[in-house]
Amino acid sequence: MLGDWPIAPKMPLVGGHEGAGVVVARGELVKDVQIGDHVGIKWLNGSCLSCTYCQQSDEPLCGTPDLSGYTVDGSFQQYCIGKAAHVARIPKECDLEEISPILCAGITVYKGLKESGAKPGQFVAIVGAGGGLGSLAVQYAKAMGLHPIGIDTGAEKKDMVLKLGATAFVDFATSPDIVKEVKAATQDGQGPHAAILVAVQEKPFQQATQYVRSRGTVVCIGLPPNAQLSAPVFDTVLRMINIKGSYVGNRLDSAEAIEFYRRGLVKVPFKTVGLSELQSVYELMHAGKIAGRYVVDTSR
């Protein structure tokens, strides 16, 4: 272990796991982070760094992980602990409130886009594009040279997704034929090269293999409770469809995701509330009325 230190975080709502703040103390073995530096705590708070997964930069798959807000205390508090090897380095010119969601949603969708294998100039469907993860996925996709197609519902989310750079928007609640409409949004009508699923319902996971083009990749990120994923074997084989899961990013993915934000290529649609308002935000989340992301200031 390199050492731990507490930081005073400002953190994103989802799960209460991640946070951004200022280093106020550090362990005696920590050499490369100074008091006063801006750092971020991620879902993966720490890993063993010695198993086969950690050795090949797949530390999120470590068999003995420390997970913020799950196996170690998270960021719904004024101070929290982070492992020196895994803490994210945040440039001081970055706003701590705005960058907080990058440490959770941003890193997660950026990793999913990398896992999709989509190349610049290709189309990618973002399912759940108006939410906290999806709104960032649209921007990362555009910044990576892709053409994002947003899939969600509601006028507010449509307006936001298109302003963030989506090539097209498909409203799943009003579309008479989602598969046909998503395919039509691509240049040649063959469908997107990949689909990034950050939805919280099961149905979109069953639809994705129908509209991705042959050799397309379906990347599952969202975790609908008790959901199952199925696809016709005949069609999947003949069209060579890839279906895969994507977890959170490794340390390099995290640094890359933060750099996109630092360069101004990604903006975070967010609202800041005090910790005392947390319950009302949960109610909005359960009602599906949140566009973008909420950040909780633990000092309020």
Side-chain angles (χ1 to χ4, degrees), residues 1-49 54 57-60 62 65-111 132-133 136 140 247-268 270 272 274-275 293-300:
M1 184 188 302
L2 295 178
D4 301 332
W5 66 89
I7 68 170
K10 289 186 176 180
M11 43 76 65
L13 168 67
V14 179
H17 307 300
E18 301 82 4
V22 180
V23 177
V24 297
R26 64 178 189 172
E28 61 181 17
L29 298 180
V30 178
K31 306 300 182 184
D32 61 335
V33 180
Q34 306 301 317
I35 303 299
D37 282 357
H38 291 181
V39 297
I41 298 296
K42 301 169 292 183
W43 165 243
L44 183 64
N45 193 288
S47 68
C48 75
L49 298 179
C54 285
S57 301
D58 270 337
E59 54 263 27
C62 176
D66 293 319
L67 303 174
S68 300
Y70 189 66
T71 62
V72 296
D73 290 341
S75 303
F76 279 139
Q77 53 188 336
Q78 189 176 3
Y79 299 96
C80 60
I81 300 293
K83 294 292 189 297
H86 282 278
V87 75
R89 276 59 166 174
I90 298 176
K92 285 196 174 180
E93 66 263 32
C94 296
D95 181 81
L96 289 179
E97 292 185 14
E98 185 174 9
I99 202 172
S100 289
I102 297 294
L103 303 172
C104 178
I107 293 170
T108 300
V109 297
Y110 176 67
K111 177 68 169 182
L133 281 82
L136 289 170
Y140 275 109
Y247 194 29
V248 293
N250 62 24
R251 287 170 289 171
L252 180 59
D253 296 323
S254 302
E256 291 173 352
I258 289 172
E259 180 62 10
F260 272 92
Y261 169 81
R262 188 196 67 79
R263 293 170 58 197
L265 299 174
V266 174
K267 301 291 183 181
V268 181
F270 78 102
T272 302
L275 185 60
R293 204 73 161 175
Y294 272 81
V295 173
V296 177
D297 184 343
T298 57
S299 68
R300 290 160 51 190

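Please read all numbers here as calculations on a predicted model, not as lab measurements. This chain uses plain numbering: 1 for the first residue, then up along the sequence.
In this structure, Arg26 contributes its side chain and Val33 its backbone to a donor-acceptor pair below 3.5 Å. Proximity of a side-chain donor or acceptor of Tyr110 to a complementary backbone N or O of Tyr140 within less than 3.5 Å is not detected. Side chain of Asn45 to backbone of Tyr70: no donor-acceptor contact under 3.5 angstrom is found. A donor-acceptor pair under 3.5 Å links the side-chain atoms of Arg89 to the main chain of Val87, judged by distance alone.
Here the straight-line distance linking atom OG1 of Thr108 with atom CH2 of Trp43 works out to 10.5 Å at 0.5 Å rounding. How far CG of Asp95 is from OG of Ser100: 8.0 Å, rounded to the nearest 0.5 Å. Here the straight-line distance linking atom NZ of Lys83 with atom OG of Ser68 works out to 9.0 Å at 0.5 Å rounding. For the atom pair CG of Leu103 and OH of Tyr261, the computed distance is 10.5 Å after rounding to the nearest 0.5 Å. Ser57 OG to Arg251 CZ: the interatomic distance, rounded to the nearest 0.5 Å, is 7.0 Å. For the atom pair Lys42 NZ and Ile102 CD1, the distance stands at 13.5 Å (nearest 0.5 Å).
Smallest separation of non-hydrogen atoms from Pro101 and Leu136: O-CD1, 4.1 Å. Ile41 and Gly82 get closest at one heavy-atom pair: CD1-CA, 3.4 Å. Annotation for Pro65 and Cys62: closest pair CD-O, 3.3 Å, computed over non-hydrogen atoms. Shortest non-hydrogen contact noted between Thr272 and Glu97 is OG1-OE1, 2.7 Å. The shortest non-hydrogen separation linking Ile258 to Ala88 is CD1-CB, 3.8 Å. Across all their heavy atoms, His86 and Gly46 have their closest contact at CD2-CA, 3.4 Å.
Partners of Pro60 according to the side-chain contact (heavy atoms from CB on, under 4.5 Å) rule, which considers only residues two or more places apart in sequence or in another chain, are Leu44, Tyr247, Val248, Asn250.
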Exercise for the section: Would you sort out whether His38 and Cys94 count as a side-chain contact (heavy atoms from CB on, under 4.5 Å), showing the intermediate values? Expected result: CA-CA 9 Å; His38 291 181; Cys94 296; over 6 Å; no
Practice task
Show your working on side-chain contact (heavy atoms from CB on, under 4.5 Å) between Ile90 and Val39 and close with a plain yes or no.
Solution key: CA-CA 5 Å; Ile90 298 176; Val39 297; 5.6 Å; no
Handout entry: Worked verdict on Ile107 versus Ser254 for side-chain contact (heavy atoms from CB on, under 4.5 Å)
Key = CA-CA 6 Å; Ile107 293 170; Ser254 302; 3.4 Å; yes
